[in-house]
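Numbers restart at 1 for each chain; the letters A, B, ... are given by sequence-line order, proteins then strands. Keep in mind that this is a model prediction, so the values were computed, not measured.
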Number of protein chains: 2
Amino acid sequence: MLTRKGEQTRARIVAGAADEIRERGVDEVRLEDVMARTRTSKSQLFHYFPDGKEQLLLAVARHEADRVLDDQQPMLGDLTSWAAWERWRERVVERYREQGTDCPLTIVMGHLGRRSAGAQSVVDGLMTRWQAALADGIRHMQASGEMPGELDADRAAAGLLAGVQGGVLLLLSSGRTEHLEAALDLAFTGLRGSATGRW
Amino acid sequence: MLTRKGEQTRARIVAGAADEIRERGVDEVRLEDVMARTRTSKSQLFHYFPDGKEQLLLAVARHEADRVLDDQQPMLGDLTSWAAWERWRERVVERYREQGTDCPLTIVMGHLGRRSAGAQSVVDGLMTRWQAALADGIRHMQASGEMPGELDADRAAAGLLAGVQGGVLLLLSSGRTEHLEAALDLAFTGLRGSATGRW
DNA sequence: CCGAAAATGGACCGGCAAGTCCAGAAGAAT
DNA sequence: ATTCTTCTGGACTTGCCGGTCCATTTTCGG
């Protein structure tokens with residue numbers, strides 16, 4: 001059981017670890033660094049995360065994953081017109097432009113990605129919710145006749161999501177947002193266009 | 001200077017390290033494992049890679065990067081008809097389906113990605129060449145009137161590339177190719193479609 | 001208050017794996 | 001053949017850092 005003080009400390013640790021990772025990368029982060037930044041001792045770390053570093057990283061991943069969709073609100077939840085889609089687009093580009101080369105989630109993921117089933121599910125959950133929000137928007141647009149009714153909303157959302165992910169990935173290594181923007185534009189063109197695809 | 005024998009040994013080390021990484025991930029790979037697999041001693045490793053593990057990983061990254069585009073040939077170099085584009089699409093999906101969750105390049109990249117400038121340039125080079133090949137194909141299609149002449153070939157290629165990258169990324173965490181396929185379909189629709197985008 | 005549970009401090013351990021070193025074998029070159 | 005370079009074996013060092021432990025303090029419910 002956690003007391004109020006305990007919760008504060010735990011939260012401080014997670015946030016501090018997240019910052020540390022953002023700044024220096026997962027591999028470079030020692031527990032000692034987290035301790036220094038959060039003014040905690042080793043026994044506290046292992047008190048709140050008995051399974052050690054792995055568990056802490058997972059908590060950080062969850063913490064970061066939660067932020068991703070929040071940062072896209074309220075746009076993401078209201079994709080009901082082309083203007084709204086454009087606003088969402090701008091927000092996404094802006095958010096990742098600011099973030100630049102430091103994508104904490106990708107970092108943490110890339111680190112414990114495959115091995116930990118927990119990490120897997122964090123990402124899966126995030127992507128699923130993200131895709132669902134996009135699919136909702138697409139269905140909305142179809143209902144109002146602004147996107148072709150023939151296309152499979154879920155599949156289109158999957159493709160759009162992939163474009164965003166790839167754009168961000170390329171941003172991480174190039175530092176430029178042009179791939180992300182191009183991917184969004186190309187996807188939008190597909191969403192607008194005549195339904196000649198294999199939908 | 002390297003003798004013939006030296007080159008063989010060096011190549012054996014790189015290939016062995018690549019296999020080891022594919023199977024167990026970067027973090028899990030000890031120099032000792034590479035030594036065992038390639039029947040080499042520690043002094044050999046440091047003889048061929050004086051800067052140690054970092055340098056070896058970089059060599060592995062280069063090795064893997066070279067394979068990526070080769071695996072897409074001859075399709076990638078001959079995107080001159082929609083049928084050819086479809087063949088390329090199939091090849092890409094097939095290649096990554098086989099590869100499944102073990103993308104050695106992404107792994108190595110995710111590991112030393114930001115810190116080493118060398119790794120940065122390996123990925124940059126790969127992506128640049130990849131995008132250039134796609135852009136060439138698009139220009140070909142425009143010349144023969146099979147893709148709208150109004151779109152910016154390089155930008156469209158950037159978007160398509162992002163879609164592929166994102167699709168692969170999602171494949172890595174989900175194990176399924178549906179995002180990759182959806183991204184390709186959506187991008188193709190965009191490439192076919194009426195030029196209503198911001199090209 | 002008081003006792004139990006939670007929170008904290010910080011010294012200590014232990015293992016592991018990267019990197020060093022030197023001695024000696026194999027190969028090239030003339 | 002000899003000499004110089006490259007190649008190889010493997011023991012040794014070293015530092016780092018995750019994890020353990022116990023003693024002490026703080027919190028909290030009743």
Could you run down the sub-3.5 Å N/O contacts of the protein with nucleotides 11-18 of chain D?
| residue | atom | partner | partner atom | Å |
| --- | --- | --- | --- | --- |
| D:dC17 | OP1 | A:Arg30 | NE | 2.4 |
| D:dC17 | OP1 | A:Arg30 | NH1 | 3.0 |
| D:dC17 | OP1 | A:Arg30 | NH2 | 3.1 |
| D:dG18 | OP1 | A:Lys53 | NZ | 3.1 |
| D:dG18 | OP2 | A:Leu31 | N | 3.0 |
| D:dG18 | N7 | A:Lys42 | NZ | 3.0 |

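With sequence neighbours excluded, the residues forming a salt bridge (charged side-chain N to carboxylate O under 4.0 Å, His left out) with A:Glu20 are A:Arg24, A:Arg37, listed by chain and number. Not counting sequence neighbours, B:Gln73 has no partner by the side chain to side chain donor-acceptor pair (under 3.5 Å) test. Evaluation of the salt bridge (charged side-chain N to carboxylate O under 4.0 Å, His left out) rule for A:Arg95 yields A:Asp71 as partners, not counting sequence neighbours.
Summarising the geometry, the separation between OH on A:Tyr48 and P on C:dA7 is reported as 4 Å, rounded to the nearest angstrom. Atoms CD (A:Gln44) and C1' (C:dA6) sit 11 Å apart, rounded to a whole Å. Between B:Leu45 atom CG and D:dG9 atom C1' the separation is 13 Å, expressed in whole Å. Atom pair B:Leu57:CG and C:dA18:C1' shows a separation of 12 Å (rounding to whole Å applied). For the pair B:Met35 CE and C:dC16 P, the computed distance is 15 Å after rounding to whole Å. Per the geometry, CZ belonging to B:Arg39 stands 17 Å off C1' belonging to D:dG10, to the nearest Å. The distance between atom CD of B:Glu7 and atom C1' of D:dT6, rounded to the nearest whole Å, is 13 Å. When rounded to the nearest whole Å, the span between CZ of B:Arg10 and P of D:dT6 equals 15 Å.
Counted within 6.0 Å of CD on A:Glu32, heavy atoms from surrounding residues, nucleotides or ligands total 12 or fewer; the atom is thus considered open.
Among the protein residues, B:Leu2 comes within range of the sugar-phosphate backbone only, with heavy atoms under 4.0 Å from sugar or phosphate atoms but none that close to a base.
An OP1 or OP2 oxygen of C:dT8 is reached within less than 4.0 angstrom by a side-chain nitrogen or oxygen of A:Thr9.
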Worksheet item: How does protein contact run along nucleotides 23-30 of chain C, one letter per nucleotide 5' to 3', with B for base contact, S for sugar-phosphate only, - for none, heavy atoms under 4.0 Å?
Response: ---SS---
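Distance alone, capped at 3.5 Å, is enough to place a donor-acceptor pair between the B:Asp33 side chain and the B:Arg30 backbone. Although no hydrogens or angles enter the test, the distance criterion places no donor-acceptor pair under 3.5 Å between the side chain of A:Gln165 and the main chain of B:Gly167.
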Could you list the donor-acceptor pairs under 3.5 angstrom formed by side chains in residues 1-11 of chain B, with sequence neighbours left out?
| residue | atom | partner | partner atom | Å |
| --- | --- | --- | --- | --- |
| B:Thr3 | OG1 | B:Lys5 | N | 3.4 |
| B:Thr3 | OG1 | B:Gly6 | N | 3.1 |
| B:Thr9 | OG1 | B:Lys5 | O | 3.0 |

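Between B:Leu126 and B:Leu69 there is a side-chain heavy-atom pair separated by less than 4.5 Å.
Checking B:Gln131 against A:His179 by side-chain atom types alone, a donor-acceptor pair falls below 3.5 Å.
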